[in-house]
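Read through the structure below, which is laid out as structure tokens, and then see the notes.
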Amino acid sequence: MGFTAMKSMKLVMVGGAVAATALLSACSGNNVDGNGSAAKSVSDAAAVKQGGSAGAAGTAATSNGDVNCSKLGGQVGPAGGKQMDLIAVQSTSGSIPGCTEAFTVMTKYYELAPSQGEGPGHRVLGIEGHWDCALGAEEEFTQGVVNCGKDGGSEFMIKTAPTAGKGSGQQPAAPTRRFPNTTQTVQFTGFDRSVNMAQFQLITWKKGGADNGHYVPVPGDGKTYRLPVSKTAQVFGAAELCPGGDVAIDQQGRGTNPCTEQALMEALTGPTPPLAEIHVDKNDNIDVAKELYRP
């Protein structure tokens, strides 16, 4: 149920091959902002070249710690298509991909997606040997937002984002957060490695039947949602989630046996992803997952 179609076309960024030109310009101190101003300092140029968050903070850092590479190297997009900002996403541990690598990967994605992209999301795996990219789901799909993750994890991620107005000097439009600071009851349905997000449907308890009740999809909501799992997520098993564990639940049937994020990842990618109660933090990351016991 996961979210994931023509001749090959070459990527066109602002001014043609803007990524390479802008990156070289940044390193030599030439104008690359898109508004006629030069890179502010040597550290800014280093941020483009190496992704250093300290140098990027002066001119390209956003309010949430991400780096808007397009402020230093121009917007990106398919040939003749919508141009968007390129964002290097800051992980929960503070890691940020380098803008040089970000431009290389996104350029390659737009080049490969028309001929090699899989499914509605035009997913392309193994870009530059490490990166998986695909169009986002729902609103992001409509906007044309592309999400990329490196080496199947969430430590290094990049994405495109529409701007609040014309020109790369604008801040990216704020992302839509689905469930910030909430607790949800879910049926996990898998893990999308192309964007490093857990997939799930919302469920609710329905009384009646052989076991005096069972979980069913929330009436009127058959959507499959996707959220990242925090690198510091707390995971608790009830019976099957933690390998070799005994049944350990509270009075509501929620797991109390601590286990690892790796155990959760294995369950999400296995044949029977678990039912769970999840807590979602302010950044829309799953930071707590408690397996729900089903006899």
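- A continuous path of Ile, Leu, Val, Met, Phe, Trp and Tyr side chains, each step under 4.5 Å between heavy atoms, connects Phe141 with Met106, placing both in one hydrophobic cluster.
- Side-chain contact check for Met197 versus Leu227: every heavy-atom pair is 4.5 Å or farther apart.
- Listed by first and then second residue, the disulfide (SG to SG under 2.5 Å) pairs involving residues 262-295 amount to none (not counting sequence neighbours).
- Taking every heavy atom of both residues into account, Pro274 and Leu241 meet most closely at CG-CD1, 4.5 Å.
- Side-chain contact between Val89 and Ile96: absent, with no pair of heavy atoms (C-beta onward) separated by less than 4.5 Å.
- Put simply, CE on Met84 and OG on Ser70 are 10.0 Å apart, with the number rounded to the nearest 0.5 Å.
- No path of Ile, Leu, Val, Met, Phe, Trp and Tyr side chains, each step under 4.5 Å between heavy atoms, connects Ile203 with Tyr293, placing them in separate hydrophobic clusters.
- Under the 4.5 Å side-chain criterion, counting only non-hydrogen atoms from C-beta, Leu264 is in contact with Val229.
- Lys159 has its side chain within reach of Glu140: a pair of non-hydrogen atoms, C-beta onward, lies under 4.5 Å apart.
- Relative orientation of the Tyr225 and Phe179 rings is perpendicular, given thresholds of 30° and 60° on the angle between their planes.
- Residues Cys99 and Val67 have side chains in contact (heavy-atom distance under 4.5 Å, counting atoms from C-beta outward).
- For the side chain to side chain contact (heavy atoms under 4.5 Å, CB included) test, residues two or more places apart in sequence or in another chain that qualify with Gln234 are Phe236, Val288.
- Linking ILVMFWY side-chain heavy atoms closer than 4.5 Å, directly or via other members, places Val145 and Ile87 in two distinct hydrophobic clusters.
- Side chains of Gln201 and Val218 form no contact here, defined as non-hydrogen atoms less than 4.5 Å apart.
- One hydrophobic cluster, built from ILVMFWY side chains closer than 4.5 Å, holds both Phe188 and Phe191.
- Taken from CG in Leu202 to OG1 in Thr185, the straight-line distance is 8.5 Å, to the nearest 0.5 Å.
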- Query: Between Phe103 and Leu86, is a side chain to side chain contact (heavy atoms under 4.5 Å, CB included) present by the stated rule, with each step listed?
  - Reply: CA-CA 8 Å; Phe103 276 114; Leu86 177 59; 3.5 Å; yes
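- Every side chain to side chain contact (heavy atoms under 4.5 Å, CB included) that Gln262 has, sequence neighbours left out, goes to Thr260, Glu266.
- In summary, Glu240 and Arg294 do not engage in a salt bridge, as defined by a charged side-chain N under 4.0 Å from a carboxylate O.
- Residues Leu125 and Asp132 come closest through the heavy atom pair CA-OD1, 3.3 Å.
- At a threshold of 4.5 Å between non-hydrogen side-chain atoms, the residues Glu101 and Lys150 count as touching.
- The minimum heavy-atom distance linking Lys82 with Pro162 is given by the pair NZ-CB, 4.1 Å.
- Summarising the geometry of Cys69 relative to Ala102, their closest heavy-atom pair is SG-CB, 4.4 Å, with the distance given to 0.1 Å.
- Cluster annotation: Leu292 and Trp205 are assigned to the same hydrophobic cluster (Ile/Leu/Val/Met/Phe/Trp/Tyr, side-chain heavy-atom contacts under 4.5 Å, transitive).
- In this structure, Leu135 CG and His122 NE2 are separated by 6.5 Å, a value rounded to the nearest 0.5 Å.
- Rounded to the nearest 0.5 Å, atoms OG1 (Thr204) and CD (Gln184) are 10.5 Å apart.
- Contact of the Phe156 side chain with the Trp131 side chain is registered, since non-hydrogen atoms from C-beta on lie closer than 4.5 Å.
- Gln75 and Asp85 are linked by a side-chain donor-acceptor pair at a separation below 3.5 angstrom, with hydrogens and angles left out of the test.
- Here the side chain of Ser95 pairs no donor or acceptor atom with the backbone of Ser91 at under 3.5 angstrom.
- Side-chain polar atoms of Gln187 and Thr189 form no donor-acceptor pair below 3.5 angstrom.
- At least one donor-acceptor pair under 3.5 Å links the side chain of Asp221 to the backbone N or O of Lys223.
- In this structure, the separation between CG on Asn285 and NE2 on His279 is 11.5 Å, given to the nearest 0.5 Å.
- At least one donor-acceptor pair closer than 3.5 Å links the side chain of Asp250 to the backbone N or O of Gln252.
- Between Val105 and Cys133 the shortest heavy-atom distance is CG1-SG, 3.9 Å.
- In this structure, OH on Tyr109 lies 15.5 Å from CD on Glu128, to the nearest 0.5 angstrom.
- Around NZ of Lys206, the count of heavy atoms belonging to other residues, nucleotides or ligands within 6.0 Å does not exceed 12.
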- Message: What verdict does the side chain to side chain contact (heavy atoms under 4.5 Å, CB included) test give for Thr183 and Glu277, after you've listed the backbone C-alpha separation in whole Å, the side-chain angles of each residue and the deciding distance to 0.1 Å?
- Response: CA-CA 7 Å; Thr183 299; Glu277 180 184 278; 3.5 Å; yes
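- Checked for salt-bridge contact, Arg226 and Asp192 meet the test: a charged N lies under 4.0 Å from a carboxylate O.
- Using modelled atom types, one side-chain atom of Glu291 and one backbone atom of Ala239 make a donor-acceptor pair closer than 3.5 Å.
- When atom types are taken as modelled, the side chain of Asp284 and the backbone of Arg178 share a donor-acceptor pair closer than 3.5 angstrom.
- Of all the heavy atoms in Ala113 and Val124, the pair that sits closest is CA-CG2, 3.9 Å.
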